[in-house]
Amino acid sequence: QVQLVESGGGLMQAGGSQRLSCAASGRTFRTYAMGWFRQAPGKEREFVAAIIWSTGHTRYVDSVKGRFTISRDNAKNTVYLQMNSLKPEDTAVYYCAESITGWETKDFHYWGQGTQVTVSS
């Protein structure tokens, strides 16, 4: 069974940087894409970034473009989210997700447990 374990969350100051990691294990299939999503209190979960595993192509939600970078280490089966210029509105639980079919939100069916990111002003 696939396991996705996020790490790197915590309390940060506005303007600061942090890197989230997500280690995948237990795969019995070929990964198409990995993604990061987030859910703020009282809000629906939203897409943040995704990367196609084989090519490294990436896409982002507009609110994080130029600030966040998604990357992957194929050898370590790990995906990262480098977050720079953090804002209080980035505060959320961040989830790692995996897809075997595509990189639209509907394609992600495997999820981690989430890691809390809190940005203070």
| said: Apply ring pair (Phe, Tyr, Trp, His ring centres under 6.0 Å) to residues Tyr110 and Phe29 and explain how you reach the verdict. | reply: CA-CA 12 Å; Tyr110 301 95; Phe29 49 79; 5.1 Å; yes
| request: Assess whether side-chain contact (heavy atoms from CB on, under 4.5 Å) is satisfied between Thr31 and Ile100, documenting all intermediate values. | output: CA-CA 5 Å; Thr31 298; Ile100 61 173; 5.5 Å; no
| query | On the ring face of Trp111, is Arg45 found with NZ or CZ under 6.0 Å from the centre and within 45° of the axis? | reply | yes
| query | Are the charged groups of Lys65 and Asp62 less than 4.0 angstrom apart, N to O? | reply | yes
| query | Should Tyr80 and Ile51 be marked as a side-chain contact (heavy atoms from CB on, under 4.5 Å) after you check the CA-CA gap, both sets of side-chain angles, and the distance that decides it? | reply | CA-CA 10 Å; Tyr80 305 98; Ile51 185 167; over 6 Å; no
| said: Show the nearest heavy-atom pair for residues Ala40 and Ala92, with the distance to one decimal. | reply: N-CB, 3.8 Å
| query | Is it true that the side chains of Glu89 and Thr91 contain a donor and an acceptor less than 3.5 Å apart? | reply | no
| task | Taking all non-hydrogen atoms of both residues into account, name the closest pair between Ser121 and Ala14 and its distance. | result | CA-CB, 4.2 Å
| field | Donor-acceptor side-chain pairing of Gln13 and Ser120 below 3.5 angstrom | value | no
| After noting the C-alpha distance and the side-chain angles of Leu20 and Val117, does the key distance pass the side-chain contact (heavy atoms from CB on, under 4.5 Å) rule? | CA-CA 9 Å; Leu20 304 182; Val117 170; 4.0 Å; yes
| Exam field: side chain Asp107 to backbone Trp103, donor-acceptor pair closer than 3.5 Å | yes
| request: Give a yes or no answer on whether the side chain of Thr78 reaches the backbone of Lys76 with a donor-acceptor pair at less than 3.5 Å. | output: yes
| field | Donor-acceptor contact present, side-chain Glu6 to main-chain Cys96, <3.5 Å | value | yes
| Backbone N or O of His57 within a donor-acceptor pair of the Thr55 side chain at under 3.5 Å? | yes
| query | Strictly by modelled atom types, are Arg38 and Tyr94 linked by a side-chain donor-acceptor pair under 3.5 Å? | reply | yes
| query | Hey, what do you get for CG (Asp90) to OG1 (Thr118), rounding to the nearest 0.5 Å? | reply | 11.0 Å
| Okay, side chain of Gln18, backbone of Gly8: is any donor-acceptor separation there less than 3.5 Å? | yes
| query | Distance under 6.0 Å and angle within 45° of the ring axis: does Arg59 meet both against Phe47? | reply | yes
| Does some side-chain heavy atom of Glu98 sit less than 4.5 Å from a side-chain heavy atom of His109? | no
| remark: Here the pair of heavy atoms bringing Gly114 nearest to Tyr95 is CA-CD2, 3.6 Å
| Full working for side-chain contact (heavy atoms from CB on, under 4.5 Å) between Val79 and Ile70 | CA-CA 7 Å; Val79 64; Ile70 188 171; 3.8 Å; yes
| said: Are the side chains of Met34 and Leu4 in contact, using a 4.5 Å heavy-atom criterion? | reply: yes
| When you check the side-chain N and O atoms of Ser17 and Asn84, is any donor under 3.5 Å from an acceptor? | yes
| Glu44 side chain to Gln39 side chain, donor-acceptor N/O pair below 3.5 angstrom | no
| Are the side chains of Trp53 and Arg72 in touch, meaning some heavy atoms are under 4.5 Å apart? | yes
| task | Evaluate whether atom CD of Glu46 has more than 12 neighbouring non-hydrogen atoms of other residues, nucleotides or ligands under 6.0 angstrom away. | result | yes
| Nearest heavy-atom pair of Ala33 and Phe108: which atoms, and what distance? | O-CE2, 3.8 Å
| said: Any heavy-atom pair between the side chains of Phe68 and Trp36 that's under 4.5 Å? | reply: no
